[in-house]
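Here's the structure we're looking at; comments come further down.
Hydrogens, waters and symmetry mates play no part in the numbers below; they use all other heavy atoms, side chains included. All residue numbers in this chain count up from 1 along the given sequence.
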Amino acid sequence: KLLAERDGLLLVNNAALAAFNMVDEVMCATLHNHTLVKKGDLLAGTRAIPLVMKRVPIERAAAIARQNGSVLAVHPLRRARVGLVITGNEVYHGLIEDRFANILTEKVTGLGSEVAAVDFAPDEAEVINGVIRSQLDQGCDLILLSGGMSVDPDDVTRHGIRLAGAREMHYGAAVLPGSMFLVAYLGEVVLLGVPACGLHHRITVLDLVLPRILAGERIGKA
């Protein structure tokens, strides 16, 4: 049995694991890659398949594991200072009650980070840009923006992110719910555009990506 020595995100070297499992008469089964784990959690189990086997395949499997570095690793999540930008004219002008801030706050704090700023912005790119810059000035190193991720004329959140200076931007994800998800980088600060599905579904693409970002992974299109 292999147990987690700390809380964090499980990373599995899939190629090394596959090579290990191609050796006859040995096996290793693990949790899925990118699973959140707690100290003491069972991560994997490995054993000889038959009751009796020769030493050679055992040594071969061990050599595969050694030459590929860590087959399994648990990366701790950093404690981020998170800014929330809730966009939308209806919410900004008080026509409807916002529910996004509470949902995002729960996700952020549940991963050990803190919400350092919460701001509301109308569907105006320049205003969104200004709010982003303000949160950066307040020391936020991760910003989540809700709403305005579609292609309607008043969906300008992406434009506001661009105005703020983001040069690397990836829009769209092969995940449902959450196909309109956005990841952008402003220097080392990560900006995440959360589509409206985050209001209606308990688990979305955000729950897949956010722990990986907090574990230090740089998320690109692939």
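Nearest heavy atoms, I49 versus V26: CD1-O, 3.7 Å. Looking at every heavy atom in both residues, C140 comes nearest to I143 through CB-CG1, 4.3 Å. Annotation for N13 and S70: closest pair CB-O, 3.7 Å, computed over non-hydrogen atoms. Here the closest non-hydrogen pair linking K107 and L206 is CD-CD2, 3.8 Å. Nearest heavy atom pair, residue V74 against residue L43, reads CG2-CD1, 3.7 Å. Looking at every heavy atom in both residues, D207 comes nearest to R202 through OD2-O, 3.7 Å.
The same ILVMFWY cluster, assembled from side-chain heavy atoms under 4.5 Å apart, contains both L104 and Y92. Both I58 and F20 sit in one connected hydrophobic cluster of ILVMFWY residues. Membership requires side-chain heavy atoms under 4.5 Å apart, directly or through other members. Linking Ile, Leu, Val, Met, Phe, Trp and Tyr whenever their side-chain heavy atoms come within less than 4.5 Å leaves M169 and L192 in two separate clusters. No single ILVMFWY cluster, assembled from side-chain heavy atoms under 4.5 Å apart, contains both V108 and L182. No chain of hydrophobic side-chain contacts below 4.5 Å, direct or via other Ile, Leu, Val, Met, Phe, Trp or Tyr residues, connects V91 to M180.
With rounding to the nearest 0.5 Å, the separation of CG in L144 from CZ in F100 is 9.5 Å. Between I103 atom CD1 and S146 atom OG the span is 9.5 Å, to the nearest 0.5 Å. Interatomic distance, CG of N129 versus CZ of R162, reported as 12.5 Å (0.5 Å rounding). Atom CG of residue L199 and atom CG of residue D98 lie 7.5 Å apart, to the nearest 0.5 angstrom. Of the inter-residue distances, the one linking F181 atom CZ with L176 atom CG reads 14.0 Å to the nearest 0.5 angstrom. Rounding to the nearest 0.5 angstrom, the gap separating the CZ atom in F120 from the CG atom in L84 is 9.0 Å.
At most 12 heavy atoms of other shown residues, nucleotides or ligands fall within 6.0 angstrom of atom NE2 in H32. Heavy-atom contacts from other residues, nucleotides or ligands closer than 6.0 Å to CZ of R81 number more than 12. Enclosure of atom CD in Q138 by more than 12 non-hydrogen atoms of other residues, nucleotides or ligands within 6.0 angstrom is indicated. The neighbour count for H34 NE2, taken as heavy atoms of other residues, nucleotides or ligands under 6.0 Å away, is above 12. Remark: E97 CD is loosely packed, at most 12 non-hydrogen atoms of other residues, nucleotides or ligands lying under 6.0 Å away.
With hydrogens and angles disregarded, no donor-acceptor distance shorter than 3.5 Å links the side chain of R167 to the backbone of L186. In this structure, R79 contributes its side chain and G112 its backbone to a donor-acceptor pair below 3.5 Å. At least one donor-acceptor pair under 3.5 Å links the side chain of D41 to the backbone N or O of K38. Checked by atom type and distance alone, the side chain of D123 pairs as donor or acceptor with a backbone atom of N89 at under 3.5 Å.
The pair E168-R218 meets the salt-bridge criterion, since a charged nitrogen lies less than 4.0 angstrom from a carboxylate oxygen. One finds no salt bridge joining K39 and E5 here, because no Lys/Arg side-chain nitrogen approaches an Asp/Glu carboxylate oxygen to under 4.0 Å.
The side-chain heavy atoms of C28 and L17, taken from C-beta on, include a pair separated by under 4.5 Å. The side-chain heavy atoms of V85 and Q135, taken from C-beta on, include a pair separated by under 4.5 Å. Taking 4.5 Å as the limit, every side-chain heavy atom of L145 sits out of range of all side-chain heavy atoms of V131. Taking 4.5 Å as the limit, every side-chain heavy atom of I203 sits out of range of all side-chain heavy atoms of L208. Contact check for I128 versus T157: side-chain heavy atoms found under the 4.5 Å cut-off. Within the 4.5 Å cutoff, side-chain heavy atoms of V189 are placed close to those of L136. In this structure the side chain of L191 never reaches within 4.5 angstrom of the side chain of Y185, judged on heavy atoms. D155 has its side chain out of reach of M149: every pair of non-hydrogen atoms, C-beta onward, lies at least 4.5 Å apart.
Among T204, V194, I219, V190, the one residue that satisfies the side chain to side chain contact (heavy atoms under 4.5 Å, CB included) test with V209 is I219.
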Start with the C-alpha gap between L111 and L36, add the side-chain angles, then the distance that decides, and say whether side chain to side chain contact (heavy atoms under 4.5 Å, CB included) holds. CA-CA 9 Å; L111 294 173; L36 282 167; 3.6 Å; yes

Kindly indicate, with the supporting measurements, whether the criterion salt bridge (charged side-chain N to carboxylate O under 4.0 Å, His left out) is fulfilled by D141 and R78. CA-CA 11 Å; D141 52 26; R78 71 179 178 90; 3.3 Å; yes

Test log, rule side chain to side chain contact (heavy atoms under 4.5 Å, CB included), inputs E126 and L163: CA-CA 7 Å; E126 286 287 1; L163 288 176; 4.0 Å; yes

Evaluate the criterion side chain to side chain contact (heavy atoms under 4.5 Å, CB included) for residue pair T109 and E114; output intermediate values, then yes/no. CA-CA 6 Å; T109 57; E114 64 171 317; over 6 Å; no

Show your working on side chain to side chain contact (heavy atoms under 4.5 Å, CB included) between L31 and V37 and close with a plain yes or no. CA-CA 10 Å; L31 297 179; V37 297; 4.0 Å; yes

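Qualifying side chain to side chain contact (heavy atoms under 4.5 Å, CB included) partners for H200, counting only residues two or more places apart in sequence or in other chains: R99.
V56 belongs to no hydrophobic cluster, as no Ile, Leu, Val, Met, Phe, Trp or Tyr side chain comes under 4.5 Å of its own.
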